[in-house]
A.B. asks: 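Attaching a single structure in structure tokens format; questions to follow.
We name chains A, B, ... by the order of the sequence lines, and we start the count at 1 in each one. All heavy atoms count here, side chains included; hydrogens, waters and symmetry mates do not. Computed from a predicted structure; not experimentally measured.
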Amino acid sequence: MVAIKLKDGGQREYPEGISLLQVAEDISNKLAKNTVVARFNGQLRDLHTEVTEDGTLELLDFDNPEARVVYRHSSSHVMAQAVQRLWPGTQLAIGPAIDKGFYYDFESPHTFTPDDFKAIEEEMLKIIKADYPIIKKELSREDALSFFRDRKEQYKVELIEDLPVDAVISTYQQGEFIDLCAGPHLPSTGRLKAVKLMSLAGAYWRGSEANQMLQRIYATSFPKKSLLDDYLHKLEEAKRRDHRRLGRELGLFVVLDEGPGFPFFMPKGMILRNELEKFWREEHARAGYHEIRTPIILNREMWEQSGHWDHYKENMYFTVIDETDYAIKPMNCPGGMLAYKQTIHSYRDLPLRMGEMGLVHRHEMSGVLHGLMRVRAFTQDDAHIFMLPDQIIDEIKGVIELVDRFYTLFGFPYHVEVSTKPEKAMGSDEMWDIATEALKQALDEKGMKYRINEGDGAFYGPKIDFHLQDSLDRTWQCGTIQLDFQMPEKFDLTYVGEDGEKHRPAMIHRVIYGSIERFIGILTEHFAGAFPSWLAPVQVRVLPITDRSHEYARQVVEELKAEGIRAEADLRSEKTGYKIREGQMQKIPYLLIVGDKEVEAGTVSVRHRREGDLGPAALKDFKILLRSEIEEKLNR
RNA sequence: GCCGAUGUGGCUCAGUGGCAGAGCAGCUGAUUCGUAAUCAGCAGGUCGGCGGUUCAAAUCCGCCCAUCGGCUCCA
């Protein structure tokens, strides 16, 4: 007999060799049916696992994130099975679960198209209906290799060859389909319910451009049709928040074929942008920054000196002036270095924080351009901080605080990554270790959680990256802090120390918004275009009900403008409902409806874009309300 | 850059070899209206570009450009 302790504290006895599924069934049929995978003595196990020792058992259903991964992983096997049935000769690469579903990478003589989706889904449903048990089998490395060689699954062979010597190698079988897999899996294919193929993509084997490109099919699955429908509905909702759509609809910005990756900012987008810059300047002045502006174009010699000519050339644009090579800046740092050098600095001047809203151009590969999120010309809210070595930690902490102040104001959740030395890098390993440790120490002291992103640092130093999410939960790097011992060296930066000798300052590059363009993209999606009043391009629109109130409407607009409020009137000969609809669709924070009653009483009827009709108010009171909302940067 | 899909008026889209269409937006006129769409009329497109097949191409073929979804790369 074995003793099994349950999550609720109860304990039951069973004959040795009973499966976890049978235990679940013994507790409740419904529970057994909903259970995806078990955690037995802390380890995720297939429900077919036979119990041979005492232990604690937890039964996980689809709501559990780990179980969800198992559910999707089994789904990917079923999809692969369907694909191999329909297109024999298709080779399997890998098929993991991902955040919202799963994918499988194939190599096939057949080129998959979305027209194939229906057939694949139907075949998957057959496999689900057949309810094949999913059976695990462990085998030796030799057996595994010969098995997959016989099946002409070269990717599986390669995977096995790369497994550590002591790895337990297992396969999972359902019907005629057998895949190399560590598991765990669902007990049978019938556990799947709603499956949907989403999209196709090319993907390099093992993520490397040097390798074969495979065909990836993205899909998702749920234990209930209603959950799938909810998910698809949410995707549709998210698309409505897409900054590319809203940017056009709200007259903020647009990217045209005439300038791929070079966005146009329209008048309303400029208001947003200018407000963001204004806020930035206020905050940075308060945090002790000076602002500079350096040239867009600088000569080749300087880019050679900075190392960009050697390390960043493929991303740069070039020009020739008077038969001399010049480059358009892809980063602001070299200009910042030259600016630093214009005066002799004492240790007393440090830390010296020099900010720059710098427009940089980078040649990005055509396939990566994406609205405002990924462009070829963007403005970095850059700053370079020159400091004494013992000021590094405090300065980094100061930037972390500033980033947090900004992101919190906008209500953005974010996550942090530390990127370490890349392959193409300048400087010694020792320098990199010191710099990387400094970044980690600052984060630790601020109590921030972070992930390590190996090999993803800039060529001149390691960095802390702050990532924000877009409406489809894709994440984009915005803020970053990069510690750099290289540039000060390259440009021979010095300060005069207490000893009267010249010393080398330490330096960090940092951005808060990251790129104003990307930040505006994120901001647009985050607020679904309904920006807080302080950012809203139009803060108030006055809607006269008839021509009789036009004069009054104009007066109201003038009074608001006199207070610095962005107001306009809709004097078209339309019904009130029509004007309100348009105002709502433009996401204007406040609509003021004025008719005979308001003219008579000298009031305005206030309508808030989310709260609706707030009733009449004296114009004076409305102004006070809105002014404070703007000044406090409230998100109402 | 690579894989796949897409490209028709300002926007959303219909049109699969035989006279380029609809709705919204725009303009003009009428309507003077109270919290998410008043009515009527008008105007607007060398169907992404170039080349080819054909009596005839938005439609079929080729190349290019751009966009979308990924991969790779990075704010």
A.B. asks: Counting only side-chain N and O atoms of A/Q584, is one of them less than 4.0 Å from OP1 or OP2 of B/A36?
C.D. replies: no
A.B. asks: Scan A/Y578 against the nucleic acid and name what it touches under 4.0 Å (heavy atoms): base, sugar-phosphate only, or nothing.
C.D. replies: sugar-phosphate
A.B. asks: Please report the distance, rounded to the nearest Å, between CH2 in A/W205 and P in B/U72.
C.D. replies: 13 Å
A.B. asks: Which whole number of Å gives the distance between the P atom of B/A25 and that of B/G48?
C.D. replies: 25 Å
A.B. asks: Let's see if you can work this out: which of B/C74, B/U32, B/U72 has an atom nearest to the side-chain heavy atoms of A/K463?
C.D. replies: B/C74
A.B. asks: Tell which nucleotide pairs with B/U38, taking only Watson-Crick or G-U wobble pairs whose two distances are both under 3.5 angstrom.
C.D. replies: B/A30
A.B. asks: Could you tell me the separation between the CD atom of A/E314 and the C1' atom of B/U72, rounded to a whole number of Å?
C.D. replies: 13 Å
A.B. asks: Taking atom C1' in both B/C47 and B/G21, what distance in whole Å separates the two?
C.D. replies: 12 Å
A.B. asks: Please state whether the phosphate of B/C71, meaning OP1 or OP2, lies under 4.0 angstrom from any side-chain nitrogen or oxygen of A/R206.
C.D. replies: no
A.B. asks: Quick one: is the NZ or CZ of A/R362 closer than 6.0 Å to the six-membered ring centre of A/Y317, and within 45° of its axis?
C.D. replies: no
A.B. asks: Among the nucleotides B/U72, B/G34, B/C74, which one has an atom lying closest to any side-chain atom of A/T576?
C.D. replies: B/G34
A.B. asks: Supply the atom-to-atom distance A/Q477 CD to A/K463 NZ, rounded to the nearest 0.5 angstrom.
C.D. replies: 4.0 Å
A.B. asks: How about A/R293: does its CZ atom have over 12 heavy atoms from other parts shown lying under 6.0 Å from it?
C.D. replies: no
A.B. asks: If we take the C1' atom in both B/G17 and B/C60, what is their distance in whole Å?
C.D. replies: 8 Å
A.B. asks: Do the numbers put A/R72 on top of the ring of A/F102, so that NZ or CZ is under 6.0 Å from the six-membered ring centre and no more than 45° off the axis?
C.D. replies: no
A.B. asks: So what does A/L369 hit on the nucleic acid, given a heavy-atom distance under 4.0 Å: a base, only sugar-phosphate, or nothing?
C.D. replies: sugar-phosphate
A.B. asks: Select one nucleotide: of B/C73, B/U32, B/G34, the one nearest the side-chain heavy atoms of A/M365.
C.D. replies: B/C73
A.B. asks: Considering only the P atoms, how many Å lie between B/U59 and B/G7, rounded to the nearest integer?
C.D. replies: 11 Å
A.B. asks: Measure from CD1 on A/I545 to P on B/U35 and round the result to the nearest Å.
C.D. replies: 8 Å
A.B. asks: First locate atom CG of A/D382, then atom NE2 of A/H509, and finally report the distance between them rounded to the nearest 0.5 Å.
C.D. replies: 8.0 Å
A.B. asks: Using a heavy-atom cut-off of 4.0 Å across all strands, would you classify A/D613 as base, sugar-phosphate, or nothing?
C.D. replies: base
A.B. asks: Tell me whether the side-chain N or O atoms of A/E598 pair up with the base of B/G34 as donor and acceptor below 3.5 Å, since no angle test is needed here.
C.D. replies: yes
A.B. asks: Could you state the atom-to-atom distance from NE2 of A/H370 to C1' of B/A75 in whole Å?
C.D. replies: 14 Å
A.B. asks: Measure the distance from OH on A/Y460 to C1' on B/A75 and round it to the nearest whole Å.
C.D. replies: 10 Å
A.B. asks: What interatomic distance, in whole Å, is found between C1' of B/U8 and the corresponding atom of B/A14?
C.D. replies: 10 Å
A.B. asks: Hey, does A/T111 reach any base, or is it just sugar-phosphate, or nothing, if we go heavy atoms under 4.0 Å?
C.D. replies: sugar-phosphate
A.B. asks: Which part of the nucleic acid, if any, lies within reach of A/V360 when heavy atoms closer than 4.0 Å are counted: base, sugar-phosphate only, or nothing?
C.D. replies: nothing
A.B. asks: Classify A/R572 by what it touches in the nucleic acid, base, sugar-phosphate, or nothing, heavy-atom distance under 4.0 Å.
C.D. replies: sugar-phosphate
A.B. asks: Return the 5'-most residue of the pair A/G371, A/E582 with respect to RNA chain B, ranking by each residue's nearest nucleotide.
C.D. replies: A/E582
A.B. asks: What does B/C60 pair with, Watson-Crick or G-U, if both distances are under 3.5 Å?
C.D. replies: B/G52
A.B. asks: A/Y218 has an atom OH; how far is it from atom P of B/G4, in whole Å?
C.D. replies: 15 Å
A.B. asks: Taking atom CZ of A/F264 as the centre, report whether more than 12 heavy atoms of other residues, nucleotides or ligands fall under 6.0 Å from it.
C.D. replies: no
A.B. asks: Expressed as a whole number of Å, how far does the C1' atom of B/G9 sit from that of B/G15?
C.D. replies: 15 Å
A.B. asks: Kindly point out which of B/A75, B/C71, B/G34 is positioned nearest to the side chain of A/V368?
C.D. replies: B/C71
A.B. asks: Name the residue from A/R241, A/K100, A/K234 that meets the salt bridge (Lys or Arg N to Asp or Glu O under 4.0 Å) definition with A/D473.
C.D. replies: A/K100
A.B. asks: What is the distance from CZ of A/F519 to C1' of B/A75, rounded to the nearest Å?
C.D. replies: 12 Å
A.B. asks: Give the rounded distance in Å between these two atoms: CZ of A/R607 and C1' of B/A36.
C.D. replies: 7 Å
A.B. asks: May I ask you to evaluate whether A/R376 reaches the phosphate of B/C74, defined as a side-chain N or O under 4.0 Å from OP1 or OP2?
C.D. replies: no
A.B. asks: Test side-chain contact (heavy atoms from CB on, under 4.5 Å) on A/T524 and A/F531; report intermediate values, then the result.
C.D. replies: CA-CA 7 Å; A/T524 303; A/F531 301 102; 3.6 Å; yes
A.B. asks: Which nucleotide wins on minimum distance to the side chain of A/P260, given the candidates B/A36, B/A66, B/G69?
C.D. replies: B/A66
A.B. asks: From the set B/A36, B/G69, B/C33, return the single nucleotide nearest to any side-chain atom of A/M585.
C.D. replies: B/A36
A.B. asks: Within the side chain of A/W303, is there an N or O that forms a donor-acceptor pair under 3.5 Å with the backbone of A/L298?
C.D. replies: yes
A.B. asks: Taking only the C1' atom of each, what is the distance from B/C39 to B/C33 in whole angstrom?
C.D. replies: 13 Å
A.B. asks: Here's a test of your reading of the structure: between A/Q215 and A/Y513, which maps to the more 5' nucleotide of RNA chain B?
C.D. replies: A/Q215
A.B. asks: Select one nucleotide: of B/G34, B/G4, B/C33, the one nearest the side-chain heavy atoms of A/L200.
C.D. replies: B/G4
A.B. asks: Starting the side chain at C-beta, find the nucleotide from B/G34, B/C74, B/U32 nearest to A/T546.
C.D. replies: B/U32
A.B. asks: Taking the P atom of each, how far is B/C19 from B/A56, in whole Å?
C.D. replies: 15 Å
A.B. asks: So, is A/Q482 close to the B/A75 phosphate, meaning a side-chain N or O under 4.0 Å from OP1 or OP2?
C.D. replies: yes
A.B. asks: Identify which nucleotide among B/U32, B/A75, B/G70 has an atom closest to any side-chain atom of A/S573, counting heavy atoms from C-beta outward.
C.D. replies: B/U32
A.B. asks: Under 4.0 Å, counting only non-hydrogen atoms across every strand here, what does A/G207 touch: a base, just sugar-phosphate, or nothing?
C.D. replies: sugar-phosphate
A.B. asks: So does A/R374 reach the base of B/C73 with its side chain, donor to acceptor, closer than 3.5 Å?
C.D. replies: yes
